[in-house]
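Working notes, structure below.
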Amino acid sequence: MAKGQQLQAPKGVSEYFPDRSNTFEYVRDCLIESAKNSGYQLIELPVFEDTELFKRGVGESTDVVSKEMYTFEDRGGRSITLRPEGTAGVMRSVIEHNLDRGQLPVKVWYSGQFFRAERPQAGRYRQFYQVGIEAIGLDDPEIDVEVIAVADRAFRALGLKNYSLEITSLGDKASRDAYTKVLREYIAKLSLDDETAQRAAINPLRLFDDKREEVKAAMQAAPTLMDYLTPESRESFERVKTLLTALGINYEVNKRMVRGLDYYTGTAFEFVHHGLGAQSGIGGGGRYDGLMAELGGAELSGIGFGIGVDRCVLACESEGISLPSTFTLDLFIVPMSIQTKAQSLLLAERLRESGLKVDIAYGDRSLKGGMKAADKSGARFSIVIGEDELASDLATLKNMKTGDGSSIKISTLHEKLRDYFPETIGDR
RNA sequence: GUGGUCGUAGCUCAGCUGGUAGAGCACUCGGUUGUGGUCCGAGAUGUCGCGGGUUCGAGCCCCGUCGAUCACCCCA
């Protein structure tokens, strides 16, 4: 427990340590794997950027920018901000390094920490981990569906079932402007309290997300964006739906979906898990038409998503899914005495160099203690190294699962283990 | 930023209307002079989140503070 002056982690951060860190690692890698399988390549970016990037990219009217950013001045007097989301940074890098000059679309994935200074709650942290992808330079329903499929495939690979996909179309800028005008007129006729009215003034779409029954009821009859889509937007959205069905991906059209970042246009989607608390979105994203140009780049459209790794871990736990451990050991060595510890370490290093995963019982433990350590390590085999073994070069290789032991020559242990782990042993 | 609940051993928690701490799990050692998982025995562990107040006496009551948690707001 926290004692007096004991240091503790900053408020609202999530930490993963054994054994739970294995779950985190597995989930993250699974998401990344899915992106790689669809041809996305790594883009590794800084966690802090010029504050201006987010103000222009994400939008100053958004909550994320107006009150949730970790912003500070560096020693050169520059305003720096810890990234609250990933897309703006990717765009900046693409523009800065002319990544869009070659074949399109540019397909990249990223993963890492993001920061928002919010009040923490279930599934919402001030530092959170996200895996995301972006496909830039192509406005096409097929790529929209591919992006959605990357996320859906990853969730299925994790074994998740209790989630659903919601999609909508936010239309192009023309559709959006026409609609917003009508919606503002509708909202103006409602009698709302000051705070709510202020929220509506910033972004009228927000009211669709209000949790209060009276507001929900009032918004029930509100016009929806779907009715104001241009023919092109409508046709594109129809194609997205058709393709999702063809891929066997279930979805629900949510005409009232709200996206918190200003740059979204066209296809927008959100994966919602039903076993979490109030923060139920495990991943979401959509198309952005004006973002690149806004940041000084070409007039290129793009689409991407961000998936919350922390929330996916919680989702797996809520469904009782037990993921394979990312930590595995092939062999655990138990030295009998202080005299054999050094020899054991040499043996371990030799085996490790050939690609085996090997650990040793350190400290002056009893044989029983050493074997308990071997047991808990989860290693598939154990071997006790004592004076006798070193003198005779004979030891018992024990299968920890079955309990069977077979006598082997220590000098040929490498070859013996090669039979069991052909995939891990390299030719060195 | 606003509100509810909570803060006792590494973990999960018990502790009646105030009388200075306990269980299970985990851990270490032993029962089995050199082979784990089951079983049995023994042992170690806390300034009861922190600070102040009331009291002869506070884990328990009061105030503050920090943290956690859940919800609003917002979102991954």
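Naming: A, B, ... by sequence-line order, numbering from 1 per chain.
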Give me the distance, rounded to whole Å, that separates [N] from [M] when you measure between the [atom1] atoms they each carry.
N	M	atom1	answer
B/rC62	B/rG22	P	26 Å
B/rG4	B/rG46	C1'	30 Å
B/rG1	B/rU20	C1'	41 Å
B/rA44	B/rA71	C1'	42 Å
B/rG67	B/rG49	P	16 Å
B/rC16	B/rU8	P	15 Å
B/rC66	B/rG10	C1'	22 Å
B/rG37	B/rA26	P	11 Å

Given [N], is OP1 or OP2 found less than 4.0 Å from the side-chain N or O atoms of [X]?
X	N	answer
A/Gln121	B/rC70	no
A/Thr396	B/rU35	no
A/Arg124	B/rC74	no

Aromatic-base stack, A/Phe128 on B/rA76, cutoff 5.5 Å, angle under 30: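 Stacked: centres under 5.5 Å apart, planes under 30°.
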Please tell me which of the listed nucleotides, [options], lies nearest to the side chain of [X]?
X	options	answer
A/Val384	B/rC74, B/rC73, B/rU35	B/rU35
A/Ala278	B/rA71, B/rU35, B/rG36	B/rA71
A/Met400	B/rC75, B/rG36, B/rA71	B/rG36
A/Lys368	B/rG36, B/rC73, B/rC29	B/rG36
A/Asp63	B/rC73, B/rG37, B/rA71	B/rC73
A/Arg119	B/rG30, B/rC75, B/rA71	B/rA71

Dot-bracket encoding per residue of RNA chain B, Watson-Crick/G-U cut-off under 3.5 Å, | denoting interstrand: (((((((..((((........)))).(((((.......))))).....(((((.......))))))))))))....
Aromatic ring pairing A/Tyr228/A/Tyr179, orientation class (parallel under 30°, perpendicular over 60°, tilted between):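 A/Tyr228 and A/Tyr179: tilted rings.
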Geometric class of the A/Tyr420/A/Phe381 ring pair [parallel <30°, tilted 30-60°, perpendicular >60°]: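 Geometry flag for A/Tyr420 against A/Phe381: tilted rings.
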What is the distance, to the nearest angstrom, from the [atom1] atom on [X] to the [atom2] atom on [N]?
X	N	atom1	atom2	value
A/Asp19	B/rC11	CG	P	15 Å
A/Lys376	B/rU38	NZ	P	12 Å
A/Lys372	B/rU32	NZ	P	16 Å
A/Glu118	B/rC70	CD	P	14 Å

Distance (rounded to the nearest 0.5 Å) between A/His414 NE2 and A/Ser354 OG: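 Rounded to the nearest 0.5 Å, the NE2-OG separation comes to 3.5 Å.
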Given RNA chain B, 5'-ward residue of the pair A/Lys11 and A/Asp388, judged by closest heavy atom: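 With A/Lys11 and A/Asp388 compared, the 5'-side residue is A/Asp388.
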Position toward the 5' end of RNA chain B (nearest nucleotide), A/Ala122 or A/Gly308: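 Looking at RNA chain B, the more 5' nearest nucleotide goes with A/Ala122.
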Any side-chain heavy-atom pair of A/Arg352 and A/Asp359 under 4.5 Å: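 They are in contact (side-chain heavy atoms under 4.5 Å apart), so the answer is yes.
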Over 12 non-hydrogen atoms of neighbours within 6.0 angstrom of CZ in A/Phe48: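 Open: at most 12 neighbouring heavy atoms sit under 6.0 Å from CZ of A/Phe48.
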Neighbour count >12 (heavy atoms, 6.0 Å) for atom NZ, A/Lys341: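 Enclosed: over 12 neighbouring heavy atoms sit under 6.0 Å from NZ of A/Lys341.
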Side-chain ion pair, A/Lys107 and A/Glu146, N-O less than 4.0 Å: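 Salt bridge between A/Lys107 and A/Glu146, a charged N being under 4.0 Å from a carboxylate O: yes.
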Table please: side-chain donor-acceptor pairs of residues 30-37 of chain A below 3.5 Å, with sequence neighbours left out.
residue: A/Ser34; atom: OG; partner: A/Val150; partner atom: O; Å: 2.7
residue: A/Ser34; atom: OG; partner: A/Arg153; partner atom: NH1; Å: 3.2

